[in-house]
Amino acid sequence: MSIRVPDPVGPVDGTVVPRFAGESTFARIPRIDAVSDYDIAVLGVPFDGGTSYRPGARFGPLQVRTSSRHLRPAFHVELDVAPFGALQVVDAGDVACTPFSITDAMSQVEKVARDVRGDAPERRLISIGGDHTIAYPLIKSAVAQHGPVALVHFDAHLDTWDTYFSTPLTHGTVFRRCFEEGLLAEDKSIHVGIRGPIYDRIDLRQDRDFGFRAIRCSDLDRIGIDEAVAQVKERVGDTPVYLSLDIDVLDPAFAPGTGTPESGGLSSRELLALLRRLDGLNLVGADVVEVAPAYDHAEVTTVAAATVVYDIIALMTNQALGRTAG
């Protein structure tokens, strides 16, 4: 297989293309139709019909790709890997999903995700949302190849409520549906970064009954990043892992451009430290969701999201190569 590496200074008519120009794909990687085979695909899912507060995440994939131009993708220092040189990474474009029906849109997302994964279980998919509802069909596509997965969920919110306004599938109910349908490996899933008020004390008990454990932001203040990472790794073991990251896990100071901001979140540095220490997990899929550019300022949120996507690609590359940075 011919490896296609993003060229940060590709020549055009003898000149150099600056990072703010050139391909509009994520980090200027090749489009999926430009290669015969690939190892990791980046897929945009511009859907926000499951949002309960501030809409606008449908524009997330476009703006995260734009902000990814700032990346210097040739080598990831902390993870000690050149992901775009080691594996073939492609941009699979956006899912053409309807903005008018949650049910229809999720069926469309699942079909495209399955098509992108194909018949290659070693192929990995990372998606850019879109609101958190999209995790449901994306997890279904991963489970179709790998069986029930362990969910590592970075978020300010549990997302295991039952319904919103009598609607069973929304961005706040997605992981309850996953549990009910047997998509999650038993007693292997964990939330990280949870904070803020909830509707009732019973929400916490039900979440535990669904097999989740949680590391709250207040826990991080007490146990620190090292212990949090140890708890995540112990929880998931060698089970296939789906990593779902809501950008509102970051404090609004670091991610104002999101639909349901909550005060007291992680800093960008804390989030990246947590992610990079998860090197070695059996990552079979991931998403970065809830980026709503209309509420952003100076690309603060989209730069953070693009960096997270790149870090996940690097984690997946190390896993595919059977190595860790340490």
Note to self: Any non-hydrogen side-chain atom of D279 less than 4.5 Å from a side-chain atom of L79?
What the structure shows: yes
Item checked: R222 with E227: basic N within carboxylate O range, under 4.0 Å -> no
Check: Counting distance only, does the side-chain N/O of T301 pair as donor-acceptor with the main-chain N or O of H297 below 3.5 Å?
Finding: no
Next item on the list: Run the numbers on L283 and I126 for side-chain contact (heavy atoms from CB on, under 4.5 Å), then give the verdict.
Entry: CA-CA 10 Å; L283 282 176; I126 175 168; over 6 Å; no
Margin query: Check whether T258 reaches the backbone of P261 with its side chain - one donor and one acceptor, N or O, closer than 3.5 Å.
Written below: no
Next item on the list: Check the pair Y38 / V116 against side-chain contact (heavy atoms from CB on, under 4.5 Å), numbers first and verdict last.
Entry: CA-CA 10 Å; Y38 51 92; V116 171; 3.9 Å; yes
Check: Side chains of S52 and F165: closer than 4.5 Å at any heavy-atom pair?
Finding: no
Notebook entry, point to check: Can you name the closest pair of heavy atoms from P256 and R54 and give their distance?
Noted result: O-NH2, 3.3 Å
Margin query: Are V109 and Y136 packed together at the side-chain level, in the sense that at least one heavy-atom pair is separated by less than 4.5 angstrom?
Written below: no
Checklist line | ring pair (Phe, Tyr, Trp, His ring centres under 6.0 Å) partners for H171, two or more places apart | finding: none
Notebook entry, point to check: Would you find more than 12 non-hydrogen atoms of other residues, nucleotides or ligands less than 6.0 Å from E186 atom CD?
Noted result: no
Notebook entry, point to check: By salt bridge (charged side-chain N to carboxylate O under 4.0 Å, His left out), which residues pair with K140, not counting sequence neighbours?
Noted result: E110
Checklist line | Nearest non-hydrogen partners of A292 and G259, listed with the distance | finding: CB-N, 4.3 Å
Item checked: Donor-acceptor contact present, side-chain T173 to main-chain T163, <3.5 Å -> no
Checklist line | L204 side, atom CG; D209 side, atom CG - distance, nearest 0.5 Å | finding: 11.0 Å
Notebook entry, point to check: Below 4.0 angstrom, N of the basic side chain to O of the carboxylate: do D119 and R114 qualify?
Noted result: no
Note to self: Would I313 and V42 count as a side-chain contact (heavy atoms from CB on, under 4.5 Å) here? Give the steps.
What the structure shows: CA-CA 9 Å; I313 291 172; V42 177; 3.9 Å; yes
Item checked: Nearest-0.5 Å distance, NE2 of residue H191 to CZ of residue R235 -> 9.5 Å
Notebook entry, point to check: Out of curiosity, does V288 fall in the hydrophobic cluster containing I194 (side-chain heavy atoms, cut-off under 4.5 Å, transitive links)?
Noted result: no
Note to self: Pair T302, Q63 - check side-chain hydrogen bond (donor to acceptor under 3.5 Å, both in side chains), show working.
What the structure shows: CA-CA 6 Å; T302 53; Q63 293 302 322; 5.7 Å; no
Checklist line | Inter-residue atom distance H132.NE2 - L138.CG, 0.5 Å rounding | finding: 9.5 Å
Check: In the single-linkage hydrophobic clustering (I, L, V, M, F, W, Y; side-chain heavy atoms under 4.5 Å), do W161 and L169 co-cluster?
Finding: no
Next item on the list: Look up atom NZ in K233 and atom CD1 in I190, then write down how far apart they are to the nearest 0.5 Å.
Entry: 13.0 Å
Check: Is there a side-chain contact between I139 and F175 (heavy atoms, below 4.5 Å)?
Finding: yes
Check: A304 and L250: which non-hydrogen atoms are nearest, and at how many Å?
Finding: CB-CD1, 4.0 Å
Note to self: Working to the nearest 0.5 angstrom, can you tell me the gap between F254 CZ and S268 OG?
What the structure shows: 5.5 Å
Next item on the list: Answer yes or no: is there a donor N or O on one side and an acceptor on the other, between the side chain of D48 and the main chain of D131, under 3.5 Å?
Entry: no
Checklist line | S189 side chain to A185 backbone, donor-acceptor under 3.5 Å | finding: no
Notebook entry, point to check: When rounded to the nearest 0.5 angstrom, what is the spacing between CD in E23 and CZ in R69?
Noted result: 8.5 Å
Margin query: Side chains of Q145 and V284, heavy atoms from C-beta outward: is any pair under 4.5 Å?
Written below: no
Check: Has the side chain of Y295 got a donor or acceptor atom that lies under 3.5 Å from a matching backbone atom of P55?
Finding: yes
Item checked: T133 and M106, any side-chain heavy atoms less than 4.5 Å apart -> yes
Note to self: If you define the side chain from C-beta out and look only at heavy atoms, does anything of H153 sit under 4.5 Å from D159?
What the structure shows: yes
Notebook entry, point to check: Under a 4.5 Å side-chain heavy-atom rule over Ile, Leu, Val, Met, Phe, Trp and Tyr, are V308 and L281 clustered together?
Noted result: yes
Notebook entry, point to check: Should R65 and D94 count as an ion pair when the cut-off is N to O under 4.0 Å?
Noted result: yes
Notebook entry, point to check: Judged by atom type as modelled, is there a donor-acceptor pair below 3.5 Å linking the side chain of N318 to the main-chain atoms of T324?
Noted result: no
Next item on the list: For P18 and R28, work out which heavy atoms get closest and say how close.
Entry: O-NH1, 3.1 Å
Item checked: Minimum heavy-atom distance A306-L71, with the two atoms named -> O-CD1, 4.0 Å
Item checked: side-chain hydrogen bond (donor to acceptor under 3.5 Å, both in side chains) evaluation trace for T260 with D248 -> CA-CA 7 Å; T260 315; D248 72 21; 5.1 Å; no
Next item on the list: Please check if the side chain of D203 supplies one atom and the backbone of D200 the other of a donor-acceptor pair under 3.5 Å.
Entry: yes
Notebook entry, point to check: Any donor and acceptor pair, going by atom type alone, linking the side chain of R195 with main-chain N or O of S263 inside 3.5 Å?
Noted result: yes
Note to self: I'd like to know whether Q231 forms a side-chain contact (heavy atoms from CB on, under 4.5 Å) with I223, so could you lay out the CA-CA distance, the side-chain angles of the two residues, the decisive distance to 0.1 Å, and finally the verdict.
What the structure shows: CA-CA 10 Å; Q231 289 185 22; I223 67 175; 3.7 Å; yes
Check: Are the side chain of R208 and the backbone of A214 linked by a donor-acceptor contact shorter than 3.5 Å?
Finding: no
Item checked: Considering all heavy atoms, the nearest A41-A92 contact -> CB-CB, 4.4 Å
Checklist line | Verdict with reasoning, D162 to R177, per salt bridge (charged side-chain N to carboxylate O under 4.0 Å, His left out) | finding: CA-CA 8 Å; D162 191 12; R177 302 290 88 84; 2.9 Å; yes
Next item on the list: Evaluate the side-chain hydrogen bond (donor to acceptor under 3.5 Å, both in side chains) criterion for residues D287 and S244: first the C-alpha distance (whole Å), next the side-chain angles of each, then the deciding distance (0.1 Å), finally the verdict.
Entry: CA-CA 5 Å; D287 61 61; S244 188; 2.8 Å; yes
Note to self: Tell me whether F212 shares a hydrophobic cluster with L158, the cluster being built from Ile, Leu, Val, Met, Phe, Trp, Tyr side chains joined at under 4.5 Å.
What the structure shows: no
Item checked: Y53 atom OH, over 12 foreign heavy atoms within 6.0 Å -> no
Margin query: Please determine whether residues L278 and L274 belong to a single hydrophobic cluster, defined as Ile, Leu, Val, Met, Phe, Trp and Tyr linked transitively by side-chain heavy-atom distances below 4.5 Å.
Written below: yes
Note to self: I want to check something: taking the side chain as every heavy atom from C-beta on, are D39 and M316 in contact at a cut-off of under 4.5 Å?
What the structure shows: no
